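Below is one structure, written out as structure tokens; comments come after it.
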Amino acid sequence: MIKNICCIGAGYVGGPTMAVIALKNPNINVTVVDINKNRIDAWNSEDLSSLPIYEPGLDEVVAEARGRNLFFSTDVDKAITESEMIFISVNTPTKTYGKGKGMAADLKYIELCARQIAEIAKTDKIVVEKSTLPVRTSEALKSILDNTGNGVKFQILSNPEFLAEGTAISDLLSPDRVLIGGGTDEEGTNAVNALVSIYEAWVPSDKIITTNVWSSELSKLTANAFLAQRVSSINAMSELCEVTGADVNEVAKAIGMDSRIGSKFLKASVGFGGSCFQKDILNLVYIARSYGLNQVADYWEQVIIMNDYQKNRFAKKILTTLYNTVSGKKIAFLGWAFKKDTNDTRESAAIYVADALLDEQANIAVYDPKVVKEQMYNDLANLNTRKVEEIEAGISVFSEVYELCKDAHAIAILTEWDEFKEYDWKMIYENMKKPAFLFDGRNILNGENMENIGFVYNGIGISKNIE
Ligand SMILES: NC(=O)C1=CN([C@@H]2O[C@H](COP(=O)(O)OP(=O)(O)OC[C@H]3O[C@@H](n4cnc5c(N)ncnc54)[C@H](O)[C@@H]3O)[C@@H](O)[C@H]2O)C=CC1
Ligand SMILES: O=C(O)[C@H]1O[C@H](OP(=O)(O)OP(=O)(O)OC[C@H]2O[C@@H](n3ccc(=O)[nH]c3=O)[C@H](O)[C@@H]2O)[C@H](O)[C@@H](O)[C@@H]1O
């Protein structure tokens with residue numbers, strides 16, 4: 001029976017995942033550790049609205065478990081020493097240097113964890129890969145862990161996480177499945193069973209599937225590739241809709257009712273963002289190429305190419321519709337996060353659309369209910385396309401939508417926050433420059449209603465000019 005587990009990495013995955021494991025396993029002590037002290041302080045904050053990540057329902061789970069059997073700490077060594085099972089949930093971003101730059105996953109954080117575990121551990125441990133990793137990473141982990149020479153035995157499991165941000169808590173409470181990859185010898189089976197029993201505290205047994213480690217590692221990359229592919233597929237159709245007079249919402253509904261296709265994940269948009277889809281597909285492409293599978297690599301790479309195209313296309317549409325110049329014009333951005341109900345902005349389409357419009361000297365005004373100004377400036381600075389002073393001069397951040405849209409030439413909806421649907425759009429229209437352009441990058445508003453108010457409305461995959 002496992003009594004103590006720890007998780008290295010208190011981010012978007014480590015934090016919520018461990019909070020739910022602790023909630024459902026009150027007899028197991030769960031310690032989440034991170035080298036980032038600010039993050040740990042925020043997880044320990046008395047004020048639950050100051051948790052480092054925003055996820056609906058997370059505050060309640062933390063309130064119940066924290067201090068009871070859920071702990072957040074920067075003492076990584078102590079947590080490793082005391083735990084029988086160690087989850088690794090550190091970031092695995094795309095490499096920005098050296099071999100595989102811009103494609104491969106950067107595994108330096110993973111390797112550092114493995115080396116630290118190898119150095120500190122004095123008793124046998126089950127090490128669980130929670131981070132998304134290239135297929136066969138566990139082989140490298142095993143080699144590092146087994147070569148310490150201190151006689152400690154390690155079992156390595158793969159347990160990828162499938163939660164989506166914004167719905168993390170409900171995804172964790174009722175997952176479609178839990179996937180555990182592990183060895184099939186006696187020790188491997190015991191390790192798998194130990195992890196299965198933790199999930200069985202709340203997940204029905206038939207939803208917990210076990211596979212070999214390679215299948216588990218590769219299933220995670222495959223799932224994200226398939227999901228992102230659906231978005232790129234519907235986005236590709238959105239452009240065809242715009243030139244033929246078809247309506248992408250109608251097309252999505254029509255095809256989604258085919259049970260073989262299914263209705264989810266068919267929402268045309270300004271392009272997918274988030275920390276994982278792009279990173280994981282690039283990684284998949286890199287792996288395929290490294291095995292010489294160039295057709296496989298090209299096939300998946302097209303999902304990213306299409307997504308980049310969609311983001312650019314949206315920015316270009318704004319430019320051409322506004323008479324080919326946005327220089328000095330106020331463009332109001334509704335939303336900056338990569339999707340609603342999260343404060344995460346990683347790879348958000350908003351960043352790229354803003355960058356393209358800054359090239360055209362637009363004055364961009366932004367409002368997002370959960371993203372702070374410094375984050376927006378950082379996101380643009382990280383592109384390395386312009387100086388910080390230029391970013392600060394080109395982007396102004398508002399905390400209130402009516403002021404945001406006052407005297408704007410155009411509004412662009414970048415994130416599908418629910419509150420955007422509830423605004424007094426008539427009032428917004430009245431205070432804008434005319435013609436008042438509205439670019440709905442998420443198709444959340446009713447185009448006809450907006451046109452009745454007076455807006456020149458542009459949705460994604462909806463053409464107004466073709467009968
Ligand atoms: N964000 C998401 O929705 C999902 C992410 N994933 C995967 O989970 C992994 C983690 O992702 P996020 O939680 O989003 O990343 P994150 O960047 O939010 O969190 C990672 C944390 O690990 C910490 N860290 C890095 N090296 C460390 C070390 N040596 N010792 C202690 N702490 C260390 C960092 O300080 C950071 O706080 C990635 O592999 C990602 O692909 C999987 C499913 C969903
Ligand atoms: O590995 C990960 O990090 C996670 O990646 C995604 O989760 P996430 O990126 O948090 O959010 P999604 O809901 O998948 O949305 C991703 C992006 O696609 C966009 N999207 C999604 C669905 C859709 O129909 N249309 C669309 O444009 C969203 O707006 C967002 O920008 C997957 O859905 C999770 O299963 C996975 O665990």
Side-chain angles (χ1 to χ4, degrees), residues 6-18 32-40 42-43 52-53 55 72-77 79-80 87-94 105-117 129-134 137 159-168 171-172 175-177 220-221 223-228 230-235 238 248 252 256 263-281 283 307 310-311 335 337-342 344-350 414-416 441-443 460:
C6 78
C7 174
I8 308 178
Y12 282 86
V13 169
T17 309
M18 292 302 128
V32 192
V33 288
D34 204 293
I35 40 176
N36 182 336
K37 184 172 180 308
N38 289 341
R39 221 170 201 184
I40 292 298
W43 279 113
I53 66 176
E55 273 296 336
F72 294 93
S73 162
T74 51
D75 195 341
V76 182
D77 287 356
I80 292 172
F87 289 78
I88 303 181
S89 185
V90 299
N91 35 330
T92 50
T94 304
D106 190 343
L107 299 179
K108 71 178 170 201
Y109 306 105
I110 289 284
E111 176 160 347
L112 280 172
C113 291
R115 290 192 181 277
Q116 193 165 1
I117 295 168
E129 299 173 346
K130 187 51 117 175
S131 297
T132 301
L133 297 170
T137 302
N159 172 221
E161 185 48 60
F162 296 101
L163 69 80
E165 289 178 27
T167 52
D171 291 344
L172 286 164
D176 285 347
R177 77 323 207 164
K220 173 63 196 177
L221 294 181
N224 274 359
F226 271 58
L227 288 167
R230 277 175 76 92
V231 180
S232 276
S233 296
I234 198 71
N235 281 344
S238 76
V248 77
S263 61
K264 292 180 182 165
F265 247 73
L266 284 179
K267 196 104 190 65
S269 69
V270 55
F272 62 73
S275 63
C276 292
F277 278 178
Q278 176 166 307
K279 150 179 99 66
D280 292 347
I281 293 178
N283 186 11
N307 195 50
Q310 187 77 350
K311 290 183 277 189
F338 81 98
K339 63 184 283 197
K340 73 172 180 177
D341 291 339
T342 177
D344 196 348
T345 63
R346 290 177 288 182
E347 292 299 329
S348 179
L414 277 308
T415 315
E416 72 282 20
R442 299 290 184 164
N443 288 352
I460 302 275

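When a ligand or atom number is given, it counts from 1 through the structure's own listing order. Treat the numbers as computed from the prediction; the structure is a model and nothing was measured.
Using a 4.5 Å heavy-atom cutoff, the side chains of Val76 and Cys113 are not in contact. Side chains of Ile88 and Ile117 form a contact here, defined as non-hydrogen atoms less than 4.5 Å apart. A heavy-atom distance below 4.5 Å is found between the side chains of Gln116 and Asp77. Annotation: side chain of Phe338 is not in contact with side chain of Ser275 (no heavy-atom distance under 4.5 Å). For the pair Glu161 and Phe87, the minimum side-chain heavy-atom distance is 4.5 Å or more.
Closer than 4.0 angstrom to ligand 1 sit non-hydrogen atoms from Ile8, Gly9, Gly11, Tyr12, Val13, Asp34, Ile35, Asn36, Arg39, Ser89, Val90, Asn91, Thr92, Tyr109, Cys113, Ser131, Thr132, Glu161, Leu163, Glu165, Lys220, Ser275, Cys276, Lys279, Arg346.
Using a cutoff of 4.0 Å between basic side-chain nitrogens and carboxylate oxygens, Glu165 and Arg346 are scored as salt-bridged.
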Hey, what polar pairs (N/O, under 3.5 Å) does ligand 2 make with protein?
| from | atom 1 | to | atom 2 | distance (Å) |
| --- | --- | --- | --- | --- |
| ligand 2 | 1 (O) | Lys220 | NZ | 2.8 |
| ligand 2 | 1 (O) | Asn224 | ND2 | 2.8 |
| ligand 2 | 10 (O) | Glu165 | N | 2.7 |
| ligand 2 | 11 (O) | Lys339 | NZ | 3.2 |
| ligand 2 | 13 (O) | Lys339 | NZ | 2.8 |
| ligand 2 | 24 (O) | Leu266 | N | 3.3 |
| ligand 2 | 24 (O) | Lys267 | N | 2.8 |
| ligand 2 | 25 (N) | Lys267 | O | 2.8 |
| ligand 2 | 27 (O) | Ser269 | OG | 2.6 |
| ligand 2 | 29 (O) | Arg442 | NH1 | 2.6 |
| ligand 2 | 31 (O) | Gly273 | N | 2.9 |
| ligand 2 | 31 (O) | Phe338 | O | 2.8 |
| ligand 2 | 35 (O) | Phe162 | O | 2.7 |
| ligand 2 | 37 (O) | Glu161 | O | 3.4 |
| ligand 2 | 37 (O) | Phe162 | O | 3.2 |
| ligand 2 | 37 (O) | Leu163 | O | 2.7 |
| ligand 2 | 37 (O) | Lys220 | NZ | 2.9 |

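Using the six-membered ring where Trp is involved, Phe272 and Phe277 have ring planes that are perpendicular, over 60° apart on the 30 and 60° scheme.
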Candidate pair Glu416 and Lys340, rule salt bridge (charged side-chain N to carboxylate O under 4.0 Å, His left out), full reasoning
CA-CA 5 Å; Glu416 72 282 20; Lys340 73 172 180 177; over 6 Å; no

Verdict with supporting geometry, Gln310 and Ile460, side-chain contact (heavy atoms from CB on, under 4.5 Å):
CA-CA 10 Å; Gln310 187 77 350; Ile460 302 275; 3.6 Å; yes

